[in-house]
Amino acid sequence: MAGLVTVLLGAFLPMLDFFIVNVALPTIDHDLAAGPAVLELVAAGYGIAFAVLLVLGGRLGDTFGRRRLFIVGAAAFAVTSLLCGLAPTAWTLVAARVAQGASAALLLPQVLATITAASSGPQRARALSIYGAVGGISVVIGQVLGGMLVSADLFGTSWRAVFLLNVPFALLTALLAFPYVPESRSSHAAGVDLPGTVLLTAALLSLFLPLMEGRAAGWPVWSWVLLGAFPFLATAFLYVERRAERAGQVPLVPLSLMRIPEMRRGLGVAVPYFTGFGGFMFVVAVMLQQGLQLGPVAAGWALVPMAVGYFFASLSGPRLIGRFGSRVITAGAVVQGLGLATLVVTVLADWADFSPWRMLPGVALAGIGQGLIGTPLFRVVLSKVPIERAGVGSGVLATTQQSSLALGVATLGTLFLALSPTIGIGHALALVLSLQLTGSAVIFFLSIRLPRSVA
């Protein structure tokens with residue numbers, strides 16, 4: 001149990017930091033004179049580094065030992081969080097955030113890989129369900145905690161407390177890992193796939209940089225060039241990986257993993273789920289502060305009903321999965337869709353009187369649905385991955401998760417920010433929520449194709 005708590009704490013911190021900075025951005029802008037383009041990099045730099053290095057982090061854990069990489073990642077996360085909290089300028093903060101994302105990419109894949117390698121049967125199922133719950137709740141807690149820390153201005157630290165809080169907890173995680181986290185590694189460890197790593201990094205950067213920075217920079221030529229290069233880089237990556245595996249080498253992402261139905265179909269559900277989740281959290285945070293003029297604390301507390309719904313759905317998840325299998329995900333898509341539809345109707349019916357109280361039923365239903373989807377999803381994706389491939393399988397899942405969260409912020413968030421000045425915040429919010437509602441329909445139909453029984 002102590003080992004599980006330790007690795008879950010290691011998972012909680014990097015996922016928390018993906019969103020905790022959102023409510024601190026206005027204060028960072030005021031303190032460091034950052035400007036909108038640099039502020040986007042403060043948020044995006046972490047996510048980009050996190051996403052592009054996750055698979056490599058899983059591979060390094062397979063090779064050098066997952067507990068060892070977990071400890072190194074936690075210690076590095078503490079150091080880079082300290083650098084973020086002490087950053088004297090906006091560009092220094094951007095650099096520290098990129099380094100923090102890289103350290104998170106070393107830490108997070110070892111969590112799922114260790115759970116997969118060190119447990120089996122009901123024990124593994126329970127651990128993966130808890131991991132899914134931690135992932136969803138950490139996002140909402142990040143919004144609430146970030147607002148509270150900025151407003152509290154502890155010892156005059158203002159926004160810096162958002163990062164400094166990580167330091168003692170990350171160091172504690174590293175220390176607890178020595179006695180409580182078992183060491184594991186792949187019995188057929190492979191070297192680093194340099195061509196695959198370079199191409200995956202280039203492909204993801206060509207997608208995320210223009211989506212996250214293009215609007216703030218006025219959509220210059222370079223943003224369109226990078227977006228145009230993305231499909232070619234992605235195709236080149238797939239070609240190189242397929243050729244390496246056929247030659248008997250071990251690529252960064254063994255495409256043979258996609259032959260596992262649970263992995264292939266589960267990732268298909270993960271993309272629209274996490275894309276919608278990431279976009280929802282960003283758009284609602286902006287709407288609450290800019291549209292309803294709420295302070296950081298009030299904006300954070302407005303999402304507590306979602307956290308409560310997600311938490312209780314996650315608690316009931318293991319029992320429901322044991323009885324209904326992957327159909328729990330199907331039911332979750334329906335409940336999430338009802339919550340989003342409720343929010344759309346509430347927004348369009350009377351935007352002038354829209355408030356956290358009026359959005360409560362919708363966000364609570366959405367939270368319940370998201371908990372019913374997220375809890376079994378990790379179990380489905382990893383249920384048939386061989387133990388010797390636990391690291392790379394976990395890295396692929398974590399990369400899909402973080403890339404999709406970032407994609408949701410970049411696409412739905414950019415659309416919301418672009419449309420708000422012309423059609424109004426209320427109508428822009430309703431449009432974005434309607435697009436996420438379409439995503440719920442996609443999840444519903446894809447979930448029907450998942451294997452009914454979840455191992």
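In what follows, every heavy atom counts, from backbone to side chain, and hydrogens, waters and symmetry copies are set aside.
In this structure the side chain of Phe163 reaches within 4.5 angstrom of the side chain of Val21, judged on heavy atoms. You'll find the side chain of Thr400 stays beyond 4.5 Å of the side chain of Phe274, heavy atoms only. Contact of the Val253 side chain with the Phe237 side chain is registered, since non-hydrogen atoms from C-beta on lie closer than 4.5 Å. With contacts defined as side-chain heavy-atom distances shorter than 4.5 Å, the pair Ser206/Leu227 does not qualify. Using a 4.5 Å cut-off on side-chain heavy atoms (C-beta onward), Leu360 and Trp357 make contact. Residues Leu397 and Leu54 are not in side-chain contact: their nearest non-hydrogen atoms beyond the backbone lie 4.5 Å or more apart. Taking 4.5 Å as the limit, some side-chain heavy atom of Phe280 sits within range of a side-chain heavy atom of Leu433. Between Leu405 and Phe277 the shortest side-chain heavy-atom distance falls below 4.5 Å.
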Going through the distances and angles, do Leu53 and Leu106 end up as a side-chain contact (heavy atoms from CB on, under 4.5 Å)? CA-CA 8 Å; Leu53 295 174; Leu106 290 179; over 6 Å; no
Please lay out, stage by stage, how Ile260 and Leu257 fare under the test side-chain contact (heavy atoms from CB on, under 4.5 Å). CA-CA 6 Å; Ile260 303 173; Leu257 284 176; 4.1 Å; yes
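Smallest separation of non-hydrogen atoms from Pro376 and Gly371: CD-O, 4.3 Å. Listed here is the closest heavy atom pair of Gly10 and Leu107: O-CD2, 3.2 Å. The heavy-atom pair separating Arg358 from Asp350 by the smallest distance is NH1-OD2, 3.6 Å. Of all heavy-atom pairs spanning Gly214 and Ser223, the tightest one is CA-CB, 4.3 Å. Residues Leu207 and Phe230 share a closest heavy-atom pair of CB-CD1, 3.7 Å. Here the closest heavy-atom approach between residue Ser326 and residue Ser447 is recorded as OG-O, 4.5 Å.
Residue-environment remark: CH2 (Trp301) stays at or below the threshold of 12 foreign heavy atoms within 6.0 Å. For CZ of Arg264, the number of neighbouring non-hydrogen atoms (other residues, nucleotides, ligands) closer than 6.0 Å is greater than 12.
With Tyr46 contributing its side chain and Pro14 its backbone, the two residues share a donor-acceptor pair below 3.5 Å. Side-chain atoms of Arg265 do not come within 3.5 Å of backbone N or O of Leu450 as any donor-acceptor pair. Counting only distance, with no hydrogens or angles, the side chain of Thr80 and the backbone of Phe77 share a donor-acceptor pair below 3.5 Å. The backbone N or O of Val7 sits nowhere less than 3.5 Å from a side-chain atom of Gln110 that would complete a donor-acceptor pair. Remark: the backbone N or O of Pro251 is not paired with any side-chain donor or acceptor of Glu241 at under 3.5 angstrom. For the pair Tyr273 (side chain) and Ser404 (backbone), a donor-acceptor distance under 3.5 Å is absent.
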Determine all donor-acceptor pairs shorter than 3.5 Å in which one atom belongs to a side chain in residues 409-421; sequence neighbours excluded.
unit_1, atom_1, unit_2, atom_2, d
Thr411, OG1, Leu407, O, 2.6
Thr414, OG1, Leu211, O, 3.4
Thr414, OG1, Ala410, O, 2.4
Ser420, OG, Phe416, O, 2.6

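Taken to the nearest 0.5 Å, the CZ atom of Phe208 stands 4.0 Å off from the OG atom of Ser403. Distance check: Phe169 CZ to Leu13 CG gives 8.0 Å after rounding to the nearest 0.5 Å. For the atom pair Met359 CE and Leu343 CG, the distance stands at 6.0 Å (nearest 0.5 Å). Between atom CG of residue Leu348 and atom CG of residue Leu429 there is a gap of 9.0 Å, rounded to the nearest 0.5 Å. Considering CD of Gln100 and OG of Ser81, their distance stands at 4.0 Å, rounded to 0.5 Å. A distance of 13.0 Å separates CZ in Phe444 from CD in Gln336, rounded to the nearest 0.5 Å.
Of the residues Asp29, Leu93, Leu149, the one that meets the side-chain contact (heavy atoms from CB on, under 4.5 Å) test with Trp159 is Leu93.
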